[in-house]
Colleague: 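Structure incoming, see below.
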Amino acid sequence: MSYTVAKGNQMVDPDDVAPADGVVDLRSDTVTRPSEEMRRAMAAAAVGDDVYGEDPTVNLLQKRAAEMFGKEAALFVPTGCMGNLICIKIWTHHGSEVICEERSHVNLYELASMSAIAGCMPRATRGGDDGILTWKQIEAVVRPKIYYDSQTALVCLENTSNMTGGTVYPTERVNDICDHAHALGLKVHLDGARIFNAAVALGDDVARMTQKVDSVMFCLSKGLGAPVGSMIAGSKEFIERARIYRKMFGGGMRQVGVLAAAGMIALEKSPSRLHEDHENASRLAQGIAAIPGLQIDPASVKSNIVIFDCTGSGMNAVELCDALHGKGVWAQDTALYSVRMVTHWNVNRAGIEKALVELQSVAGKKVGRSA
Ligand SMILES: Cc1ncc(COP(=O)(O)O)c(C=O)c1O
């Protein structure tokens, strides 16, 4: 049996994976390439053995991340998935339940690691069209404290919420959920893979936004543009435990300052330009809304993720993405008739306009033919 590296048209020949010049790659903000400044910093990074805690660049990055999030400590981890898993593992026992949104990354795209490795059941619930949970929705699925029921241990939130189009948790909502969860003895973990996008959308500060959560994971390798790496932050004691699980899960790296150096630039410099990605996403959504056969409410786009429906185009999402791919615009099918485009620093406004022209030519043509 063989596996594809991605769904649909994104399964590519290994010799053909890098986008050629002029390709507008909107599949995800994970495709960003490190800037020249990052590459220079990586080459010049002071390094040591991080398993011994001796890598000065990693230590600096961890200190800075903790400061920015107003937490006692932070830890560099290879990936967002590992970061989430470490946090889930720490806050739960085998047999615990984890409440999360139905379309959340921890529920759908982390290979059931919370079950396979942490031994937990996801208790997935639906947070309305925007995927943003309320305490009421969470409370409805908290298990009663009866010995023959598996017990809820953790609530996992995702901000921004990827698969519902980069929607954003208002800070008061996060605080309200934390207050209620804590009153019941539950912990709250935040998958903040794109927390800086959420901060830009809210005009808020990440420390304030995450003040009450017990742990937060965020990615350096998405909109912030670093090639590799995520961070988790929390109390000192929590991070000491996290270091142990990181090693157990195979994530103890050695002279990893070469990566942390890029991460440092991502953390310090990238947040201040994310508004450009949001403006591009907004322009993209407005353009898509004007194309016959494609459907999106531009007002629903709050950050850098644009998800639209292509039911009326006469093509399903894979067919549409295939047709676009042939024209140098790469998008991601996310459901049968749902396509995602994510803006990031390697696509400028001209790229967005090109994407719209090609979408119009591809979707418009089919609609014209079938009409
Ligand atoms: C919301 C969210 N959480 C977690 C992750 C996992 O990050 P990584 O790909 O670094 O494992 C992703 C990746 O796309 C994501 O979108």
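Each ligand, and each atom within it, is numbered from 1 in the order the structure gives.
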Colleague: Quick test: of every protein heavy atom, which one is nearest to atom 11 (O) of ligand 1, and how far off is it to 0.1 Å?
Modeller: Cys81 N, 2.8 Å
Colleague: If you measure from the Lys or Arg side-chain nitrogens to the Asp or Glu carboxylate oxygens, is any gap between Asp50 and Arg254 under 4.0 Å?
Modeller: no
Colleague: Side chain, backbone, both or neither: which applies to Asn162 and ligand 1 if a contact is any heavy-atom pair less than 4.0 Å apart?
Modeller: side chain
Colleague: What protein heavy atom sits nearest atom 8 (P) of ligand 1, and how far away is it?
Modeller: Gly80 N, 3.4 Å
Colleague: So, His189 and Ser215: side-chain donor and acceptor under 3.5 Å apart, yes or no?
Modeller: yes
Colleague: Check the pair Lys136, Glu139 against salt bridge (charged side-chain N to carboxylate O under 4.0 Å, His left out), reporting the backbone distance first and the verdict last.
Modeller: CA-CA 5 Å; Lys136 224 172 166 173; Glu139 187 181 28; over 6 Å; no
Colleague: What protein heavy atom sits nearest atom 3 (N) of ligand 1, and how far off is it?
Modeller: Asp191 OD2, 2.6 Å
Colleague: Taking 4.0 angstrom as the limit and counting only heavy atoms of Asn84, give me the atoms of ligand 1 inside it, by number and element.
Modeller: 4 (C)
Colleague: Taking only heavy atoms of Ala193, which atoms of ligand 1 are found under 4.0 Å from at least one of them?
Modeller: 1 (C), 2 (C), 3 (N), 15 (C)
Colleague: Just checking Phe196 against Phe69, ring centres under 6.0 Å apart?
Modeller: yes
Colleague: Could you list the atoms of ligand 1 found under 4.0 angstrom from a heavy atom of Glu110?
Modeller: 4 (C)
Colleague: Among protein heavy atoms, which sits nearest to atom 12 (C) of ligand 1, and what does the distance come to when rounded to 0.1 Å?
Modeller: His105 NE2, 3.1 Å
Colleague: Could you check atom 13 (C) of ligand 1 against the protein and tell me its nearest heavy-atom contact, residue, atom and distance included?
Modeller: Lys222 CE, 2.9 Å
Colleague: With a 4.0 Å cut-off on heavy atoms, is Met82 in contact with ligand 1?
Modeller: no
Colleague: Does Glu158, backbone or side chain, put an N or O under 3.5 Å from an N or O of ligand 1?
Modeller: no
Colleague: Should the pair Arg194-Asp29 be classified as a salt bridge under the 4.0 Å nitrogen-to-oxygen rule?
Modeller: yes
Colleague: Should Lys236 and Glu240 count as an ion pair when the cut-off is N to O under 4.0 Å?
Modeller: no
Colleague: I'd like to know if Glu353 and Arg283 make a salt bridge, using a cut-off of under 4.0 Å between side-chain N and carboxylate O.
Modeller: yes
Colleague: Picking from Ile288, Val339, Thr311, what satisfies side chain to side chain contact (heavy atoms under 4.5 Å, CB included) with Leu294?
Modeller: Ile288
Colleague: Hey, does Thr30 come in under 3.5 Å of ligand 1, counting only N/O atoms on both sides?
Modeller: no
